[in-house]
Amino acid sequence: MSFIQDEQFGEIVNFDEIRTSLRRIYDVIVPKFNMMRLLEILTDDFGDSPSHMIAAGASILAYQMLPAAGEHELAEKLKREGSIFTLGWTEEHTGTDLLSLKTHATPISDDPDERNYHITGGKWMVNNSYHADYHCVLAKVDPEQNGPRSLSLFLVPRSSTKNWNRLDTHVLRNMVLTEFDIDGPGILVGKKGHGLTIVQQMAAAARYQCSFIGLQMMREAIPASINWLATKNIFGKNPIEFSNVFRQLYNLSLQSANLDFMFHRARTLNASSFLMFHGTMMKSFLLLRINELLSQNLLVVGSKGFTKESPIGRNVIDSFVLPVFDGHYTLNTFLTAKHAPRYLSADRREDAQERLNFLREEMYCQTVNGEMEFRPRDVRQPDFFDFADYFKQLQLPINLPAEQMVQGMQQMLEQVDTFTSLGSDPEYKYKAGDMIHWMESVLSAAEMWAVTQFDPYLNAVIQQYNGFTKAFNDVVSEGNLDVPFFTPMHQMPLPENIENRAQFLLDMANVHKKIRAVPVTAR
């Protein structure tokens, strides 16, 4: 994808190229939502340019608000035009607190079914806003209200916006993020007062799409580092042959495979009550782990990561916008915290073999799950199962204390609840959600080993368990809780006598290939 030199904004993404791809992507959103095909088009067209991918992604997410609101005819009409959309939510004084928005919508008549409104207000830090044809704007009909039914969604044409001011950013500098004013007509989308419900329905799928962009940055940067270090020489020797460098690249490749599997596992299982639960984990836990991984990757590679043409440094900077923007990772972790008691006390028995076979067959496939059709009420109560029993069925060849993990978490939460000052503290609510994410990540890594039958992936299980252990022990220590600490596990030794270390690392990172290599008779 190319950049153009704009007289007003300098070097920016080529929005004409984006329009061409958007026409194809809208076709897999309406009439039937196909997330995997949508992600494939994003990869094919923008996989080497995060700025283009995020600019296109912003329009896609805004467009998805139309089918989420039941406006299928309007969505069909606008997709034929190849329109660019924006998410007109954020206002500088509110951040993620949507209920505090000040943008106001006034109906042009007293007709209770009136759909035409005059919108006044302003939005801040909006991607594509200067080049968009339409803005999907959240506003209040009654500015005195601040409850869940105070927000409505409106489709606002570009002609109703003015006073654009570009906001310079440290990341993704080729995009155009602005603040602007709204003063003009808009059309009500969906039902009045259902703006937040529409956002929730759209967000159930949108969290995966946002996470996928981070995943693509990781998929691009890690192999680039391996290939670079496999070709250069230091002191007459290839750095990948140094034990410390190989160990670091081994961990990067292993975690890259783990995060890749975690994402596609969630997408495969999301045609169920787990849609929102997995989505909140993708938008917070997974993206933060990708940020960490890309940062470590840059440190391993060194100076090459600072060159402009390399994705190694560029991607670590650009990736931070995905979870951090207005603290979305915090909000999503709070949502998970609400599930902690049910997650830990679930006694339903999940058939491990049946689930593993399903993952082998369905992961990375273009199965149409219709995620946009799920109503928020359908995914608020995930059908959790017995965590410890499931690990017994997996029969891991390592002594992972799954039952003690559940008991330790229950003790920790009970201890926190006994101290009113802690139980009501947002810090501990966040940590409760984070701990559930860590437990689910251990489960995901164990399934990666079981699905692929690739023993080096056992170290991914141990690494995730050790991540859980550190997070758990930190909470116990900081809160001075009367709960036993967990002991980290020793990793298995690195494989020896590897003929081609670079190829070994690239193959280990390719978890999709490992799944397809499992004999059919084992499925």
Side-chain angles (χ1 to χ4, degrees), residues 1-25 38-39 41-63 82-90 92 123-135 158 161 163-180 206 209-221 224 287 290-291 294-295 297-298 301 304-326 328:
M1 304 304 292
S2 64
F3 297 96
I4 61 173
Q5 196 68 31
D6 184 89
E7 292 183 0
Q8 183 174 359
F9 300 118
E11 188 177 72
I12 62 173
V13 298
N14 188 332
F15 283 94
D16 288 335
E17 288 182 342
I18 289 176
R19 286 182 188 276
T20 301
S21 296
L22 287 176
R23 292 187 184 98
R24 293 195 296 141
I25 292 174
L38 184 160
L39 299 179
I41 297 174
L42 269 178
T43 303
D44 292 343
D45 291 1
F46 309 118
D48 61 347
S49 176
S51 291
H52 283 86
M53 184 174 280
I54 293 178
S59 184
I60 293 165
L61 299 183
Y63 176 76
S83 302
I84 292 178
F85 298 83
T86 66
L87 290 167
W89 301 356
T90 317
E92 187 172 8
K123 296 297 176 178
W124 180 79
M125 194 63 77
V126 179
N127 194 4
N128 300 343
S129 56
Y130 184 78
H131 297 84
D133 304 291
Y134 297 98
H135 303 259
R158 186 181 191 277
T161 59
N163 298 335
W164 297 279
N165 178 40
R166 187 179 187 184
L167 301 170
D168 285 332
T169 59
H170 295 293
V171 296
L172 299 165
R173 299 181 66 87
N174 300 120
M175 299 192 309
V176 182
L177 286 83
T178 72
E179 57 184 353
F180 61 94
Q209 293 163 231
C210 181
S211 304
F212 179 78
I213 296 175
L215 189 72
Q216 283 303 112
M217 293 184 190
M218 179 192 74
R219 283 176 168 177
E220 188 181 25
L287 284 177
I290 287 175
N291 293 155
L294 291 175
S295 298
N297 187 51
L298 178 60
V301 174
K304 178 65 175 179
F306 293 97
T307 59
K308 187 174 182 180
E309 77 277 5
S310 171
I312 298 168
R314 178 195 69 199
N315 287 8
V316 69
I317 297 298
D318 289 350
S319 71
F320 275 92
V321 74
L322 297 168
V324 173
F325 183 70
D326 274 341
H328 286 177

**OP:** Would you list the pairs meeting salt bridge (Lys or Arg N to Asp or Glu O under 4.0 Å) in which at least one residue belongs to residues 305-323, sequence neighbours left out?
**Re:** Glu220-Arg314, Lys304-Glu309
**OP:** Ignoring hydrogens and angles, tell me if any N or O in the side chain of Glu17 forms a donor-acceptor pair with the backbone of Ser2 under 3.5 Å.
**Re:** yes
**OP:** Measure across Ser83 and Ser59 and return the closest heavy-atom pair with its distance rounded to 0.1 Å.
**Re:** O-OG, 4.0 Å
**OP:** Please confirm whether the backbone N or O of Ile41 pairs with a side-chain atom of Arg24, one donor and one acceptor, at under 3.5 Å?
**Re:** no
**OP:** For residues Phe3 and His52, report the shortest heavy-atom separation together with the two atoms involved.
**Re:** CE2-CE1, 3.7 Å
**OP:** Check the angle between the aromatic planes of Tyr63 and Phe85 and answer parallel, tilted or perpendicular using the 30° and 60° thresholds.
**Re:** tilted
Original post:
Nearest 0.5 Å, what's the CG-CZ distance between Leu177 and Phe9?
Top reply: 10.5 Å
Subject >> Leu61 side, atom CG; Trp89 side, atom CH2 - distance, nearest 0.5 Å >> reply: 7.5 Å
Subject >> Side chain proximity check, Val176 to Gln8, heavy atoms < 4.5 angstrom >> reply: no
Original post:
So, the side chain of Ser49 versus the backbone of Phe46: is there a donor-acceptor pair under 3.5 Å, distance only?
Top reply: no
Subject >> Between OH on residue Tyr130 and CG on residue Asp6, distance to nearest 0.5 Å >> reply: 7.0 Å
**OP:** Any chance you could measure Ile25, atom CD1, to Ile18, atom CD1, to the nearest 0.5 Å?
**Re:** 9.5 Å
Subject >> Pairwise side-chain contact, Ile12 with His131, heavy-atom cut-off 4.5 Å (strictly under) >> reply: yes
Original post:
So, does Asn128 use its side chain to make a donor-acceptor pair with the main chain of Ala55 at under 3.5 Å?
Top reply: yes
Original post:
What's the spacing between Met53 CE and Leu39 CG if we round to 0.5 Å?
Top reply: 8.5 Å
Original post:
Is any side-chain heavy atom of Ile60 less than 4.5 Å from a side-chain heavy atom of Leu42?
Top reply: yes
Original post:
Is there side-chain contact between Lys123 and Thr86, with heavy atoms separated by less than 4.5 Å?
Top reply: no
Subject >> Heavy-atom donor-acceptor pair, Asn315 side chain to Met217 backbone, under 3.5 Å >> reply: yes
**OP:** Taking all heavy atoms of Ala221 and all of Leu294, pick out the closest pair and write down the distance.
**Re:** CB-CD2, 3.6 Å
Original post:
Is Ser319 reaching over with its side chain to a backbone N or O of Val316, donor-acceptor style, under 3.5 angstrom?
Top reply: yes
Original post:
Which word best sums up how the rings of Phe180 and His135 line up, parallel for under 30°, tilted for 30 to 60°, or perpendicular for over 60°?
Top reply: tilted
Original post:
Leu287 versus Cys210: any side-chain heavy-atom pair under 4.5 Å?
Top reply: yes
Original post:
Can you tell me how far the CG atom of Asn127 sits from the OG1 atom of Thr90, to the nearest 0.5 Å?
Top reply: 11.0 Å
Subject >> Salt bridge flag under 4.0 Å for residues Asp133 and Arg19 >> reply: yes
